[in-house]
Amino acid sequence: MITAASAGTWTLGDLTVNRIGFGAMRLTGNNGAASDRERVIGVLRRAVELGVNHIDTAAFYFSPLRSANEIINAALSPYADELVITTKVGPGRDPSGEWLPLARPDQLRGQVEENLRQLGRDHLDVVNLRQNGLESVAEHFGALADLRDAGLIRHLGLSNIRPQHLAQAQAIAPVVCVQNPYGVDTRRMHDQLVRTCGEQGVAFVPFFAIAGDGREAGGVATNEAVAAIARAHGATPAQVRIAWTLSRGPHMLAIPGTGNPDHLVENLAAGALRLSPEELAGLG
Ligand SMILES: NC(=O)c1ccc[n+]([C@@H]2O[C@H](COP(=O)([O-])OP(=O)(O)OC[C@H]3O[C@@H](n4cnc5c(N)ncnc54)[C@H](OP(=O)(O)O)[C@@H]3O)[C@@H](O)[C@H]2O)c1
């Protein structure tokens, strides 16, 4: 069985993770239908058995009957020492699921505490500030740096940023990861940000790497070049998409999202798929 270790490791601050991790957003359901709780608890436990030690989540990943953080807590606590859970704050939803305006800096502590309660932890390993429309992230990031100093958070990251936000945050506290949408045929305007992160030893954690422009709707984005490479390797298009993101540098961490046990195994196996220089060049 190919495990999450197949693509090697990266360090987020002082925390070592396998480069293939897991995104929790798809645990709560698909197309409006609640997920089968036992099934997705099984997916998470299998992920950890297969070496996943980096899980991405958020308190705002919930559907009417399911909460990603609650499922993680039920499946994995008491947590293994080596498990790194990354969450994100900034956006929020009211109990009915309606989106709220981006949190003010003074509201971020409450969002951090919400994650602590739901996950059943007394600190968070990595917290990303998911910005939305801010000219400067300094005030928000400064509030999170205070919570880091207070011991509630180990390491800080950024999400959904424009390139200038990275330096604004770094002027305040170290940034261990940047999480933005990115994939073989989606948001390639981030190519330079990916390189900048690599040069600075900051992890780049792409989301929608499989779904591409399908975004929240999910599924595997259609791309004939990807499909041809998949056929040549006896692999699936999802695996080629993951392998491509990992090929962009040793600082690339994959967090494929799935509620399907077979997809989980397939996604982890993508860490052992090596695309040739010609294939990579063909994908641009
Ligand atoms: N920072 C942010 O703003 C932000 C935004 C969105 C997401 N995220 C994070 O990034 C993670 C990844 O993003 P994502 O889950 O939206 O998209 P993704 O990983 O690009 O793709 C997930 C979609 O592909 C399907 N899928 C996964 N593996 C597959 C396989 N091997 N074969 C066929 N279909 C497969 C999933 O459905 P099945 O369940 O049927 O497998 C789901 O519909 C999320 O889980 C979340 O943790 C962060």
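Side chains included, hydrogens not; waters and symmetry mates left out as well; all remaining heavy atoms used. Each ligand, and each atom within it, is numbered from 1 in the order the structure gives.
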Practice problem: Decide side chain to side chain donor-acceptor pair (under 3.5 Å) for N180 and N160; before the verdict, give the C-alpha distance in whole Å, the side-chain angles of both, and the deciding distance to 0.1 Å. | Solution: CA-CA 5 Å; N180 267 22; N160 276 67; 5.8 Å; no
Which label fits F204 and H190: parallel for a plane angle under 30°, tilted from 30 to 60°, or perpendicular past 60°? tilted
* Is R19 close enough and on-axis enough to W10, meaning under 6.0 Å and within 45°, for cation-pi? -> no
Quiz item: Is the shortest distance from a Lys or Arg side-chain nitrogen in R187 or D213 to a carboxylate oxygen in the other one below 4.0 Å?
Solution: no
Within the 4.0 Å heavy-atom cut-off around ligand 1, the contacting residues, ordered by chain and number, are G23, A24, M25, R26, N30, D56, Y61, K88, R130, S159, N160, Q179, F207, F208, A209, I210, A211, G218, G219, V220, A238, I255, P256, G257, T258, G259, N260, H263, E266, N267
Within 45 degrees of the axis of the six-membered ring of Y79 and under 6.0 Å from its centre: does R121 put its NZ or CZ there? yes
Between D146 and R109, does any side-chain N to carboxylate O distance fall below 4.0 Å? no
